[in-house]
There are 2 protein chains.
Amino acid sequence: MTYRKLTIEDIAHQAGVSRATASRVLNKAPGVSAELRTRVDRVVADLGYRPNAAARALASGRRDALDLVVIACHGDISLFGAQPYYSRVIAGVLSALAGTDTQLRVNVAGAEDATELIDRVASSVTAGAVLVNVSPALAARFHARCRKAVSLGATAPHVPAVEPENSRAAYDAISFLHRIGCRRIAAIHGPDCNTCAAGRRAGHLEAVRELGLADIAVDGGFRREGGYAAATRLLAEHPDLDGIFAACDMMAAGAVQALTDAGRRVPDDIAVVGFDDSAVAACVSPPLTTMRLPVEQMAATATRALLEGAAAPHWRRFFPVDMVVRSSTGPDAALLLSPAPPVSALAGRR
Amino acid sequence: MTYRKLTIEDIAHQAGVSRATASRVLNKAPGVSAELRTRVDRVVADLGYRPNAAARALASGRRDALDLVVIACHGDISLFGAQPYYSRVIAGVLSALAGTDTQLRVNVAGAEDATELIDRVASSVTAGAVLVNVSPALAARFHARCRKAVSLGATAPHVPAVEPENSRAAYDAISFLHRIGCRRIAAIHGPDCNTCAAGRRAGHLEAVRELGLADIAVDGGFRREGGYAAATRLLAEHPDLDGIFAACDMMAAGAVQALTDAGRRVPDDIAVVGFDDSAVAACVSPPLTTMRLPVEQMAATATRALLEGAAAPHWRRFFPVDMVVRSSTGPDAALLLSPAPPVSALAGRR
DNA sequence: TTGAAAGCGCTACCAG
DNA sequence: CTGGTAGCGCTTTCAA
């Protein structure tokens, strides 16, 4: 097999047409007779010709790749491998890209290189960029340089975004715990630099205030170990704890282990609610009651908005975060959901 | 802010030099006086100029992107989101790419579109491609079209690859279970289409034969639900089971749940060993004894080989898969490891 | 409906 | 060391 570099010129020549016609056929553009079309198509198939993406991009200025931009919290790229969240994002983007000839580029940087990455991607964007865990300031910077961006999660007001209802979900989680009888509820939050974590923080705060509970909260860094350490500390400082809300499942898993290791029973002594409904939620024992984040749908929606050019400034799509009740909140906690009034009604805000 | 499209021409003009010189400065090429260099650099910084990637790629022929090619088993892209494995691969690739200006492109296809994807990527490869879960036949096809490929896991002999010692690891896992007293050991395997699953299958078979055990094995499809179903079936068909080897942690997690739900205690009644040491392994209760797959290192090694052009035909790097002992094989199973003779010596093959 | 030709923005070669 | 310039492979007017 000889694999000389094939160009559109070769195709045109072989098919006995001009480069322009060959190009039209390749792009399924109108204005070509059926005969020439089939002739060119045949040659393309026979020779196994593939257009050069760079040349095509240069000449047309058109889309070619969609960029995923992820800023790792403390320059800690390993979180990318440890958190199931990111692969769900990728799965979602890919599902929206399926059928398109758009490719996915993944860009990750720590906080130090964040600005550089943002600028670099902004200047080379084609189809657009999905921003994950990019601070509002940096997202705004990106948006100033390039409009084709959608943030996954809350961000600067004018930057397009798909947003899970984090605050409300956290509120719902806390009020659910309250409803099943918990009165000393603690929260294990995610890192400050994360807007999703901030939203959940806000929801928790609002709930405890409204319910007249103490505001007990620690940081768990979105990691299992952090959740374990946090729960251990909470137990030491508040021995009468009877409920824990963790801002992600990995931390919830760590918390459950810490509680178990300390001789507390979940859910009998302490009920636990996680967040994400990631792959680990169902693996924990007892399986975690958690807030289901529709990551794949959000990522797919963001991608589609970019592809269709629908993401104008201030564009927003909100995603409800529903509770998935498993055993970490008690054997019959699920029963509390269906009989009226539903939790969301109880939560009764807005 | 006006963001007119800046070209190298503008830079050259502003700096009072030729396009060629501006280009040299931008590419840090030698042969430019320090004075002009700083002058151009200043203009670039002032104007915030970013070279056009497409034009650069077209003109130079090189294009700095590394392709990750993933074939999803049964066209099931969702597995990508459900298996922590893939994000570990990405994390590994990214760590090797850090500092380089090489970007990562992620390509995923189901079995139906696999050939097309392979051909497409092969014809547009620049830095190279890391092949994940690509069948030996397709990997060979890719390699015939483009040499810059490394397979993650066993593949056709001449295709470069980084390989975990799957067979040996499975062998070690089984003999470990045997060593701690298990005599009715079952395996829950991964899908046929996966070479890693095949290696583990082979190791299991070799071990049970050598140890004179029955060959009890079912398929769990690398998913938690599959592991649950498999364990349930195994329990029904072999009530006297006392050990389970699962070819991935997700399946092991499912198995543990099935066993627990069936009233069996882990590890007291039945010991369980997983595979991967993924994020879930530590979350399961009891935490899983598992075979640690150095995914990140393998992916990084493959990437580096591509970047350095070291991946000649038949190039191979093998990675040991060590056992991580946690509680799913008994409270003091760890003790069995350190006192002589070590498990690997006991396994005594090769 | 078709073809000729002018670039897209940049690199790299060659001459000075 | 510097500048001129011929392409890289493709798209897209503009005429025919």
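Note on naming: letters A, B, ... go to the chains in the order of the sequence lines (proteins, then strands), and numbering restarts at 1 for each one. Computed over heavy atoms, backbone and side chain alike; hydrogens, waters and symmetry mates excluded.
- Within the structure, salt bridge (Lys or Arg N to Asp or Glu O under 4.0 Å) pairs that include any residue of residues 15-31 of chain A comprise A:E9-A:R19 (at least two apart or interchain).
- Nearest nucleotide to the side chain of B:A59, out of D:dT12, D:dG7, D:dT2: D:dG7.
- Within the nucleic acid shown, A:L26 has no heavy atom closer than 4.0 Å to any nucleic acid atom.
- The two atoms that bring B:A109 and B:L117 nearest to each other are CB-CD2, 3.5 Å, heavy atoms only.
- For the pair B:R56 and C:dG9, the criterion of a side-chain N or O lying under 4.0 Å from OP1 or OP2 is not met.
- Across D:dC8, C:dC13, D:dT11, the shortest atom-to-atom separation from the side chain of B:R24 is found for C:dC13.
- Proximity note for B:S33 (side chain, C-beta onward) versus C:dG9, C:dT1, D:dC1: the nearest is D:dC1.
- Axis angle, first five pairs versus last five pairs of the helix from C:dT1-D:dA16 to C:dG16-D:dC1: 40°, rounded to 10°.
- Dashed line: the shortest gap from a side-chain N or O of A:T21 to OP1 or OP2 of C:dG3 is under 4.0 Å.
- Annotation: B:R42, atom CZ; neighbour count of heavy atoms from other residues, nucleotides and ligands within 6.0 Å does not exceed 12.
- Between D:dG3, D:dG9, C:dT11, one nucleotide has an atom nearer to the side chain of B:S18 than all others, and that is D:dG3.
- Between B:L152 and B:V89, the closest side-chain pair of non-hydrogen atoms falls below 4.5 Å.
- If you take CD of B:E9 and P of C:dC8, they are 10 Å apart, rounded to a whole angstrom.
- Checked against ring pair (Phe, Tyr, Trp, His ring centres under 6.0 Å), B:H13 has no partners two or more places apart in sequence or in another chain.
- Of all heavy-atom pairs spanning A:S87 and B:S87, the tightest one is CB-CB, 3.8 Å.
- Side-chain proximity of A:N52 to the nucleotides D:dT12, D:dC10, C:dC8 is greatest for D:dC10.
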